[in-house]
Amino acid sequence: FASVVVAIAVFATAIYGALLGAKRPGGFAGPPFKAEVFLLIPLLDATLFLGITIAAVCHRRQPQIHKRLVLLGTLSMVQTAFVRIQITTMPWTGGVMQGLLTLLFLLYMSKWDQKTLGRVHPVTLWVGFPMWVSEGARFGIAFTETWQSVAKSLIALV
């Protein structure tokens, strides 16, 4: 269960780092949104990582489920790097790149499932694709006054 300890440490570090980034003058580097709006993104990425990683540990004796959960847990954290990929001719395209690269990864995973299993594995379908769909929904939540009030309270903790 050392992996759970590491996952919890990664989660705690990500949450603390996100709160520090939000508290910094000017907010996060890159996104053209207020810190209170954007804070939801790294908080949800870290929470997804922890939840999916714990699920992977619980299913470690079921290799088909375990390996897909490990990949999806990793993908939930790599999305942060995807946002940093910019198309130089367009203003802030990080969200587009995040969504596109995540979708490409999931499509490749589905193709692999088709090739090796003859079908898309339920974990890919029921964990991966909702994770991708949630990326757009996050901004719908992040721009609400309720979330921004919560975010201000969280930022005040650091």
Side-chain angles (χ1 to χ4, degrees), residues 1-22 27-33 35 37-88 90-143 147 150-151 154:
F1 288 102
S3 56
V4 172
V5 173
V6 171
I8 291 170
V10 168
F11 171 78
T13 303
I15 297 297
Y16 184 64
L19 292 172
L20 285 178
F28 294 94
F33 309 107
V37 171
F38 192 75
L39 180 62
L40 183 66
I41 307 307
L43 293 183
L44 285 180
D45 285 343
T47 304
L48 275 172
F49 167 77
L50 182 62
I52 293 171
T53 302
I54 289 172
V57 170
C58 291
H59 290 282
R60 67 188 180 282
R61 299 200 193 290
Q62 298 166 292
Q64 295 296 324
I65 294 173
H66 174 77
K67 68 183 174 183
R68 283 169 179 81
L69 288 171
V70 168
L71 283 172
L72 292 170
T74 303
L75 178 63
S76 70
M77 289 303 273
V78 171
Q79 291 181 40
T80 305
F82 290 168
V83 168
R84 305 272 183 239
I85 300 171
Q86 301 290 317
I87 300 171
T88 56
M90 298 171 66
W92 202 74
T93 55
V96 173
M97 292 305 293
Q98 177 185 8
L100 180 63
L101 292 173
T102 300
L103 179 60
L104 288 174
F105 185 88
L106 291 169
L107 290 174
Y108 182 79
M109 229 174 129
S110 298
K111 179 91 171 153
W112 176 258
D113 287 351
Q114 276 299 131
K115 182 178 178 181
T116 59
L117 302 173
R119 62 182 170 78
V120 176
H121 194 279
V123 169
T124 305
L125 191 61
W126 296 108
V127 177
F129 286 100
M131 183 172 73
W132 177 69
V133 169
S134 79
E135 290 178 12
R138 295 172 190 190
F139 281 102
I141 296 167
F143 280 100
W147 165 252
V150 169
L154 291 172

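Numbers for residues simply follow the sequence, beginning at 1. Values in this document were obtained by computation on a predicted structure and should not be read as measured data.
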CD on Gln64 to CG on Asp113, rounded to 0.5 Å
8.0 Å
Minimum heavy-atom distance between Ser110 and Thr124, given as atom pair plus value:
OG-CG2, 3.7 Å
Between the OG1 atom in Thr13 and the CD1 atom in Ile8, the distance rounded to the nearest 0.5 Å is 11.5 Å
Chi angles and distances behind the side chain to side chain contact (heavy atoms under 4.5 Å, CB included) call for Leu72, Met109:
CA-CA 10 Å; Leu72 292 170; Met109 229 174 129; 3.9 Å; yes
Residues two or more places apart in sequence or in another chain: which of them pass ring pair (Phe, Tyr, Trp, His ring centres under 6.0 Å) with Tyr16?
none
Report the C-alpha separation of Leu19 and Leu39 in whole Å, then their side-chain angles, then the decisive distance to 0.1 Å, and conclude whether the side chain to side chain contact (heavy atoms under 4.5 Å, CB included) test is met.
CA-CA 7 Å; Leu19 292 172; Leu39 180 62; 3.9 Å; yes
Write out all pairs satisfying salt bridge (charged side-chain N to carboxylate O under 4.0 Å, His left out) with one or both partners inside residues 121-140, taking only residues at least two apart or from two chains.
Asp45-Arg138
If every non-hydrogen atom of Leu154 is compared with every non-hydrogen atom of Trp147, which pair is closest and at what distance?
CD1-CH2, 4.1 Å
Calculate, to the nearest 0.5 Å, the distance between atoms CD1 and CG belonging to Ile141 and Leu44 respectively.
7.0 Å
Can you tell me if Ser76 uses its side chain to pair, donor with acceptor, with the backbone of Gly73 under 3.5 Å?
yes
Apply side chain to side chain contact (heavy atoms under 4.5 Å, CB included) to Met77 and list each qualifying residue two or more places apart in sequence or on a separate chain.
Val10, Ala14, Phe49
Where do His121 and Arg68 come nearest, in terms of heavy atoms and distance?
CB-NE, 3.3 Å
